[in-house]
There are 4 protein chains.
Amino acid sequence: MVAKTSVEKSAGRPRDPETERRILEVTLRHLAEEGYSRMSLDNIALAAGVSKPTIYRRWPGKADLATAALRTLQLAEPPVDTGTTTGDLIATLENFSRSLLRPNGLSLIGTVLAEEAHTPELLALFRERLVVPRRQMLLAILDRAKRRGELRRGANLDVAVNLLVGAFYARYLAASAIPAGFPRELVAMVWPGLVRQRR
Amino acid sequence: MVAKTSVEKSAGRPRDPETERRILEVTLRHLAEEGYSRMSLDNIALAAGVSKPTIYRRWPGKADLATAALRTLQLAEPPVDTGTTTGDLIATLENFSRSLLRPNGLSLIGTVLAEEAHTPELLALFRERLVVPRRQMLLAILDRAKRRGELRRGANLDVAVNLLVGAFYARYLAASAIPAGFPRELVAMVWPGLVRQRR
Amino acid sequence: MVAKTSVEKSAGRPRDPETERRILEVTLRHLAEEGYSRMSLDNIALAAGVSKPTIYRRWPGKADLATAALRTLQLAEPPVDTGTTTGDLIATLENFSRSLLRPNGLSLIGTVLAEEAHTPELLALFRERLVVPRRQMLLAILDRAKRRGELRRGANLDVAVNLLVGAFYARYLAASAIPAGFPRELVAMVWPGLVRQRR
Amino acid sequence: MVAKTSVEKSAGRPRDPETERRILEVTLRHLAEEGYSRMSLDNIALAAGVSKPTIYRRWPGKADLATAALRTLQLAEPPVDTGTTTGDLIATLENFSRSLLRPNGLSLIGTVLAEEAHTPELLALFRERLVVPRRQMLLAILDRAKRRGELRRGANLDVAVNLLVGAFYARYLAASAIPAGFPRELVAMVWPGLVRQRR
DNA sequence: CATGAATGAGCTTTCATTCAT
DNA sequence: AATGAATGAAAGCTCATTCAT
């Protein structure tokens with residue numbers, strides 16, 4: 001959107017891409033810290049050092065700004081390779097555990113859920129950028145294990161992902177903190193259901 | 001000066017108990033539908049058919065009102081008894097699944113999480129009234145099974161509860177809907193980790 | 001108003017005169033501390049330990065209550081007699097100086113002046129109860145001196161009173177504090193204008 | 001990056017200076033007519049023909065607005081020169097008398113006194129802008145006279161100022177009106193105390 | 001293009017007063 | 001007579017958005 005493909009540069013003063021970046025960064029922080037409805041464009045403009053019309057020139061309104069901020073979210077955690085499936089699962093969940101609570105516990109998740117009825121784009125983007133990629137990483141690990149014959153045939157991998165990921169939400173909702181060693185315990189309890197043949 | 005007989009009638013115009021009930025009911029609905037920060041006392045007063053001071057006479061401010069509304073929440077689901085441990089777990093999770101999405105998906109959970117930094121009482125009460133009782137029901141089932149020797153010694157029941165309950169959150173966050181048969185699949189996958197002896 | 005002159009006691013529960021006294025005392029304090037428009041019946045009722053209708057039963061509204069409270073004001077300072085006119089003046093002004101700033105500087109005077117357009121009764125009563133009596137005391141001293149021939153014929157005693165009393169207001173308005181010895185200096189400067197014959 | 005030439009034009013839509021002037025003028029009127037606590041930003045905005053945020057953009061809150069309005073007060077009366085000290089005093093006090101009651105008697109003084117405990121800035125500014133300058137004018141006249149040897153050595157000029165100025169307050173508090181010829185009478189009575197040698 | 005100015009609508013809270021018991 | 005409950009109106013302040021330069 002910023003870089004024109006034609007040789008001719010567009011007339012007038014060009015937009016500063018750094019400005020855009022800064023606005024989105026500030027927006028994301030406020031979104032996580034204050035929640036969507038408390039987040040105010042006034043404060044964002046102030047913190048980003050720009051004026052409000054500068055924001056409105058780029059995004060049509062508050063919802064679009066928040067959406068754009070969420071769009072910048074990228075799963076930062078790289079795929080892991082520890083040599084074993086359970087090792088990979090544990091390592092991935094440990095990454096998850098670390099990034100989940102940043103920067104403000106579950107308040108970002110909270111606000112996209114709370115706004116589902118009013119501003120469904122938020123949840124949609126949150127899914128696309130964070131939820132789905134995270135699940136894909138786990139699914140990929142499990143899928144590879146399945147193709148290697150490590151897992152029971154017919155094991156519902158999607159259910160396993162829900163269990164492993166969800167346990168963090170459940171734990172946070174109950175106690176606002178994730179204990180050390182939690183990922184390992186999760187995998188230990190779910191793994192038998194994935195592999196076992198007889199009973 | 002003579003002691004009043006049994007039923008002490010307090011002076012002044014009595015409060016209409018119906019009013020209080022209606023205000024709290026409306027508040028809870030608005031809290032779930034709008035989220036805490038969007039929820040306005042003006043609208044609550046309007047919907048409850050009272051004036052704002054009528055609300056302020058009962059609760060000192062917005063946070064207290066929301067808190068009081070959360071306090072009315074009671075886990076409606078009775079303990080189940082199907083004859084088997086897995087049956088009980090599945091039945092309990094099915095109740096959970098049904099009540100979880102009422103009245104507005106996870107928006108109530110969302111708002112208490114989103115407000116954790118600003119209005120921590122909300123999350124605290126939500127925990128006390130819904131989260132903890134629900135976990136207790138599952139824990140009770142598992143604990144009984146353990147005392148009967150059905151479960152592996154050293155099985156971490158708390159982790160199992162996190163897995164079972166959390167899967168619903170994970171699934172909702174990924175797809176806003178819980179498929180039929182989900183509870184059964186959860187239990188099927190976690191159960192081996194609870195019972196198996198060797199590996 | 002409380003005591004009936006007829007033998008027959010009026011029917012129903014009699015009003016408690018102590019209640020009335022307490023309400024007026026609290027009102028006067030709030031009037032001086034908060035000013036008329038900040039003073040709230042809610043707070044007065046609370047501080048007096050009564051309900052608002054108990055107040056409204058006795059006085060038709062806020063203005064009447066404030067008026068009634070002002071009506072209870074009595075000049076507490078007794079006439080002085082030091083043996084000399086200037087001594088009497090100084091002693092009287094010293095009393096004045098002491099009582100003027102109680103309990104809240106000039107805020108009571110301030111509020112009755114500020115409310116002159118909206119609630120003229122306040123200023124009227126303040127005059128009747130405090131301003132006029134105080135001036136009368138000074139006038140009486142000067143008048144006696146005049147009848148004794150101490151003062152110049154034609155000396156305008158009313159002007160002298162304005163000077164002596166007003167100096168306290170001017171001083172407070174300029175510095176919020178009255179220095180020790182102030183009364184003596186005032187009298188020293190005004191006295192020559194009252195007595196001297198030639199110039 | 002090149003330095004702007006002499007007249008620096010700030011970016012953005014310029015403020016209408018007339019707006020600011022009008023708001024302050026309206027504020028000052030309301031402050032005098034209603035008193036500080038009755039004065040409402042809603043009414044000021046309405047009367048000034050602006051919206052409330054237009055006011056809040058310029059001043060952070062009600063107290064700051066009232067303060068700013070007081071700051072615009074300027075002693076309008078120029079120094080006088082009649083040729084004699086008593087003539088100057090009388091002329092100055094006549095100016096005082098005229099401006100004192102505008103626009104609403106002593107209600108402005110009243111409100112700054114009444115608010116001393118809650119909003120001390122008001123009294124502070126009132127002093128700085130009106131009380132002190134007025135006293136300075138009188139002090140300057142007396143000081144010049146002293147340097148000319150017209151006054152008794154050791155005459156306390158500050159006390160004289162308190163007497164002369166305060167008499168207007170005392171008179172207003174007693175009768176809400178200043179009679180014609182009042183300044184002359186004040187000076188006549190105080191003058192002997194300033195000049196006389198023996199007694 | 002970016003700015004500062006402006007706005008209508010909304011927020012939470014408090015007030016003087018009246019009602020019902 | 002006295003109470004607690006109720007109310008319409010208003011307060012100070014903030015928001016998302018648009019205007020004018």
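Naming convention: chains lettered A, B, ... in sequence-line order (proteins, then strands); numbering from 1 in each chain.
OP1 or OP2 of dG4(F) has not a single side-chain nitrogen or oxygen of Arg58(B) nearer than 4.0 Å. Contact annotation: Arg13(D) does not reach the phosphate of dC19(F) (side-chain N/O to OP1 or OP2, under 4.0 Å). Distances shown here put every side-chain N or O of Arg57(D) at or beyond 4.0 Å from the OP1 or OP2 atom of dT14(F).
A cation-pi geometry, defined here as NZ or CZ lying under 6.0 Å from the six-membered ring centre and within 45° of its normal, holds between Lys62(D) and Tyr36(D).
The shortest side-chain heavy-atom distance between Ile44(D) and Leu41(D) falls under the 4.5 Å cut-off. Proximity of Asn43(B) to His30(B): side-chain heavy atoms (C-beta onward) are separated by under 4.5 Å at one or more points. Put simply, the side chain of Glu115(C) does not reach to within 4.5 Å of the side chain of Leu123(C), judged on heavy atoms.
Residues that satisfy the side-chain hydrogen bond (donor to acceptor under 3.5 Å, both in side chains) test with Thr19(D), not counting sequence neighbours, are absent from this structure. Every residue two or more places apart in sequence or in another chain was checked for a side-chain hydrogen bond (donor to acceptor under 3.5 Å, both in side chains) with Arg71(D), and none qualifies.
If you check the side chains of Glu34(B) and His118(A), you find a donor sitting under 3.5 Å from an acceptor.
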Quiz item: Where does DNA chain E pair, written as one dot-bracket string 5' to 3', with Watson-Crick or G-U pairs under 3.5 Å, ( ) inside the strand, [ ] for crossing pairs and | for another strand?
Solution: .||||||||||||||||||||
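What separates CD of Glu34(D) from P of dA11(F) is a distance of 10 Å, to the nearest Å.
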Practice problem: Mark up nucleotides 10-15 of chain E, 5' to 3', with B wherever a protein heavy atom is under 4.0 angstrom from a base atom, S wherever such an atom reaches only the sugar-phosphate, and - elsewhere. | Solution: BSBBBB
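Of the candidate nucleotides dT3(F), dA6(F), dG4(E), dT3(F) has the atom lying nearest to any side-chain atom of Thr54(C).
For the segment residues 112-120 of chain C, no residue has any heavy atom less than 4.0 angstrom from an atom of DNA chain E. Using a 4.0 Å cut-off on heavy atoms, none of the residues of residues 16-26 of chain D approach DNA chain F.
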